[in-house]
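Remarks on the structure that follows.
Keep in mind the model is a prediction, meaning the values are calculated, not measured. By convention here, the first residue in the shown sequence is residue 1.
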Amino acid sequence: MGIFGKRKSREERAAEIANKVASGKGFYGRTTRAFVGREDFAKLQGAIGAHNSAADVQQLLAMGAPTTVAVVVSISDTGKLVNFDPIVDLVVQPAGATNHDHDHGNVALQTIVSKLAIPRTGDQVLLVADPARPGGFLYAGMA
């Protein structure tokens with residue numbers, strides 16, 4: 001503990017700066033928004049949002065949150081990377097969903113996947129209920 005209280009770790013400070021950049025607030029956020037175009041800033045926000053959702057999934061799994069098995073209906077590349085792992089648009093059908101549900105029971109996600117374990121159409125994946133969006137899901141990896 002320092003003179004002025006508890007110091008934040010390097011990772012905590014980096015996460016705080018990344019969130020300010022994504023929100024466009026603070027010095028870093030305003031500077032980034034000023035120097036990159038609107039389209040690139042939106043891509044940046046999406047990448048940081050996907051990174052944060054991946055961290056949320058790890059915390060939920062560590063706390064023992066229940067998972068749901070789903071089958072991949074389609075997958076497409078967004079062209080974005082986070083730590084060299086691709087961000088993909090993933091459409092899945094949770095187990096137990098019927099064709100009578102809205103949009104045939106499919107769930108669309110934009111998420112980071114490991115470049116070593118990219119799901120393919122027909123593969124089974126795990127989903128975790130998103131606490132921030134009731135009825136929403138987060139990608140939790142391959143089944």
Side-chain angles (χ1 to χ4, degrees), residues 1-97 101-143:
M1 183 157 165
I3 296 173
F4 301 109
K6 183 179 182 277
R7 295 192 65 185
K8 293 182 181 176
S9 71
R10 191 174 283 183
E11 291 82 15
E12 290 172 330
R13 288 193 310 259
E16 185 177 296
I17 290 171
N19 288 330
K20 284 184 180 180
V21 167
S23 66
K25 296 178 181 173
F27 174 75
Y28 293 111
R30 289 190 305 270
T31 304
T32 303
R33 193 171 33 172
F35 284 107
V36 300
R38 180 178 295 171
E39 184 177 313
D40 290 334
F41 189 71
K43 288 180 183 178
L44 178 74
Q45 287 177 317
I48 291 174
H51 179 271
N52 288 341
S53 72
D56 292 344
V57 166
Q58 295 303 317
Q59 288 178 346
L60 289 169
L61 290 175
M63 293 186 317
T67 58
T68 302
V69 177
V71 176
V72 176
V73 175
S74 70
I75 184 169
S76 61
D77 188 20
T78 62
K80 298 181 262 185
L81 300 172
V82 172
N83 291 336
F84 301 106
D85 286 331
I87 297 176
V88 297
D89 289 323
L90 192 63
V91 178
V92 297
Q93 184 173 26
D101 294 341
H102 71 80
D103 198 22
H104 304 290
N106 294 342
V107 176
L109 306 167
Q110 189 173 77
T111 186
I112 297 174
V113 295
S114 170
K115 63 184 170 194
L116 300 176
I118 297 174
R120 300 180 190 275
T121 301
D123 286 351
Q124 289 188 343
V125 296
L126 297 175
L127 302 177
V128 175
D130 187 357
R133 292 181 308 129
F137 291 99
L138 298 171
Y139 175 74
M142 301 284 286

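The environment of CZ in F41 is crowded: more than 12 heavy-atom neighbours from other residues, nucleotides or ligands sit within 6.0 Å. No more than 12 heavy-atom neighbours from other residues, nucleotides or ligands sit within 6.0 angstrom of CD on E39.
Within the structure, no pair that satisfies the side-chain hydrogen bond (donor to acceptor under 3.5 Å, both in side chains) test touches residues 74-84, not counting sequence neighbours. Within the structure, salt bridge (Lys or Arg N to Asp or Glu O under 4.0 Å) contacts touching residues 119-135 (residues at least two apart or in different chains) are D130-R133.
Minimum interatomic distance between A70 and L127 (heavy atoms only, all atoms of both residues): CB-CD1, 3.7 Å. Among all heavy-atom pairs drawn from V128 and A65, the shortest one is CG1-CB, 4.1 Å. Smallest separation of non-hydrogen atoms from L60 and P131: CD1-CD, 3.7 Å. Across all non-hydrogen atoms, the minimal contact from R33 to G24 is NH2-O, 3.0 Å. The two residues L81 and P86 have their closest heavy-atom pair at CD2-CA, 3.6 Å.
Using a 4.5 Å heavy-atom cutoff, the side chains of V72 and L90 are in contact. Counting only heavy atoms from C-beta outward, the side chains of I75 and I118 approach each other to under 4.5 Å. Residues L44 and V36 form no side-chain contact, since every pair of their non-hydrogen atoms from C-beta on lies 4.5 Å or further apart.
In this structure K25 satisfies the salt bridge (Lys or Arg N to Asp or Glu O under 4.0 Å) test with no other residue, sequence neighbours excluded.
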- Take T111 and I87 through the test side chain to side chain contact (heavy atoms under 4.5 Å, CB included) and record every step on the way to the result. CA-CA 5 Å; T111 186; I87 297 176; over 6 Å; no

